[in-house]
S.K.: 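Sharing a structure, written as structure tokens. Questions coming.
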Amino acid sequence: MFEAGDIREWRGHGVVDPSGHKIGTLEAVYVDTATDQPFFATVAVGLPTRRRLVFVPLSGATVGPGYLKIAHPKDLVKKAPAIDTDGELPASDEPEIFAHYELDYAPGAGGERRLARR
């Protein structure tokens with residue numbers, strides 16, 4: 001897995017799916033609050049006048065020359081939960097993001113959120 005500092009340096013680079021199809025541009029990294037390890041990223045997708053940020057898991061992601069290759073196909077990512085380019089992820093939306101990728105979701109023991117932007 002990536003070190004949190006290293007993956008943040010990839011902000012602005014292209015994000016591609018396993019087949020090499022460009023999905024969008026890496027915008028931000030979200031860490032798992034329990035481990036402080038990179039867990040999800042947001043990718044800017046859409047037309048320049050209608051951009052949105054979709055969430056993608058970072059498990060299984062690899063880096064190449066100038067791009068980040070994720071483990072999920074473009075079609076699945078494009079249908080993922082999204083926020084506006086200047087929006088924030090509400091804690092209540094976290095379960096939907098995990099469910100989209102068939103990942104288990106459990107908030108912290110005190111009910112705290114699972115993802116934090118770094």
Side-chain angles (χ1 to χ4, degrees):
M1 184 44 79
F2 305 99
E3 292 297 321
D6 294 338
I7 188 103
R8 279 195 302 264
E9 293 173 12
W10 283 85
R11 187 173 178 204
H13 284 76
V15 176
V16 299
D17 74 0
S19 299
H21 297 109
K22 184 167 182 183
I23 296 170
T25 306
L26 182 67
E27 195 275 333
V29 174
Y30 285 74
V31 297
D32 184 328
T33 56
T35 64
D36 207 41
Q37 292 297 309
F39 201 69
F40 273 88
T42 51
V43 178
V45 298
L47 300 172
T49 57
R50 299 186 74 193
R51 288 240 183 251
R52 59 193 174 95
L53 302 175
V54 295
F55 287 83
V56 298
L58 290 172
S59 60
T62 57
V63 294
Y67 65 84
L68 176 71
K69 183 184 285 187
I70 60 165
H72 299 279
K74 181 178 182 175
D75 290 342
L76 180 65
V77 173
K78 292 281 188 165
K79 295 175 185 170
I83 58 174
D84 290 333
T85 55
D86 59 352
E88 290 189 24
L89 174 64
S92 60
D93 290 355
E94 288 183 0
E96 180 184 358
I97 294 167
F98 281 73
H100 181 77
Y101 292 101
E102 299 180 359
L103 299 171
D104 292 331
Y105 177 80
E112 60 272 357
R113 64 183 315 140
R114 176 86 184 268
L115 299 174
R117 184 177 173 164
R118 294 280 191 260

S.K.: At what distance, to the nearest 0.5 angstrom, does NE2 of H100 lie from CG of L76?
M.R.: 4.0 Å
S.K.: Once ring-ring contact (aromatic ring centres under 6.0 Å, His included) is applied, do any residues pair with H21, and if so which ones, sequence neighbours excluded?
M.R.: none
S.K.: Cluster question for you: counting only ILVMFWY and a side-chain heavy-atom cut-off of under 4.5 Å, with indirect links fine, are V16 and V54 together?
M.R.: no
S.K.: Report the distance from atom CG of L103 to atom CZ of F40, rounding to the nearest 0.5 Å.
M.R.: 5.0 Å
S.K.: Just distance, no hydrogens or angles: give the donor-acceptor pairs under 3.5 Å from side chains in residues 44-52, sequence neighbours left out.
M.R.:
residue : atom : partner : partner atom : Å
R51     : NH1  : G46     : O            : 2.9
R52     : NH2  : K78     : O            : 2.9

S.K.: Enter the distance from L115:CG to F39:CZ here, rounded to the nearest 0.5 Å.
M.R.: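 Answer rounded to 0.5 Å: 7.5 Å.
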S.K.: Could you name each residue pair satisfying salt bridge (charged side-chain N to carboxylate O under 4.0 Å, His left out) that touches residues 25-35, not counting sequence neighbours?
M.R.: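 Of all non-adjacent pairs touching residues 25-35, those that pass salt bridge (charged side-chain N to carboxylate O under 4.0 Å, His left out) are R11-E27, E27-R117, D32-R114.
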S.K.: In chain order, what residues pass the side chain to side chain contact (heavy atoms under 4.5 Å, CB included) check against P90, with sequence neighbours excluded?
M.R.: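 Checked P90 against side chain to side chain contact (heavy atoms under 4.5 Å, CB included); matches are S92, D93.
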S.K.: For Y105 and P95, work out which heavy atoms get closest and say how close.
M.R.: CE2-CG, 3.5 Å
S.K.: Under 3.5 Å, side chain of T25 to main-chain N/O of G12, donor-acceptor pair present?
M.R.: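 Side chain of T25 to backbone of G12: no pair is present.
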S.K.: With sequence neighbours excluded, tell me which residues meet side chain to side chain contact (heavy atoms under 4.5 Å, CB included) with A99.
M.R.: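 Residues passing side chain to side chain contact (heavy atoms under 4.5 Å, CB included) with A99: none at all.
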S.K.: As an exercise, state the distance from CG of L68 to CG of L58, rounded to the nearest 0.5 Å.
M.R.: 6.5 Å
S.K.: Go through the structure and list residues passing side chain to side chain contact (heavy atoms under 4.5 Å, CB included) with A116, not counting sequence neighbours.
M.R.: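 For A116 the side chain to side chain contact (heavy atoms under 4.5 Å, CB included) partners, ignoring immediate neighbours, are V31, T33, R118.
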S.K.: With sequence neighbours excluded, give me every salt bridge (charged side-chain N to carboxylate O under 4.0 Å, His left out) pair touching residues 54-68.
M.R.: none
S.K.: Any pair with a residue in residues 43-68 that passes ring-ring contact (aromatic ring centres under 6.0 Å, His included), sequence neighbours left out, goes on the list, sorted by first then second residue, please.
M.R.: Y30-F55
S.K.: For residues 53-77, which residue pairs pass the salt bridge (charged side-chain N to carboxylate O under 4.0 Å, His left out) check, not counting sequence neighbours?
M.R.: none
S.K.: Nearest 0.5 Å, please: how far is CD1 in I70 from OG1 in T62?
M.R.: 10.0 Å
S.K.: List for me each residue that meets ring-ring contact (aromatic ring centres under 6.0 Å, His included) alongside H72, sequence neighbours excluded, and say none if there are none.
M.R.: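 For H72, the residues satisfying ring-ring contact (aromatic ring centres under 6.0 Å, His included) (neighbours in sequence not counted) are Y101.
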S.K.: Membership question, hydrophobic clusters at under 4.5 Å side-chain separation (ILVMFWY): are I83 and V56 in the same one?
M.R.: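 Yes, because V56 and I83 connect within a single hydrophobic cluster, where side-chain heavy atoms sit under 4.5 Å apart.
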S.K.: State the CG-NE2 distance between L26 and H13, to the nearest 0.5 angstrom.
M.R.: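 Answer rounded to 0.5 Å: 9.0 Å.
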S.K.: What are the two closest heavy atoms between S59 and A71, and how far apart are they?
M.R.: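 Distance-wise, the nearest heavy atoms are O-CB, 3.8 Å.
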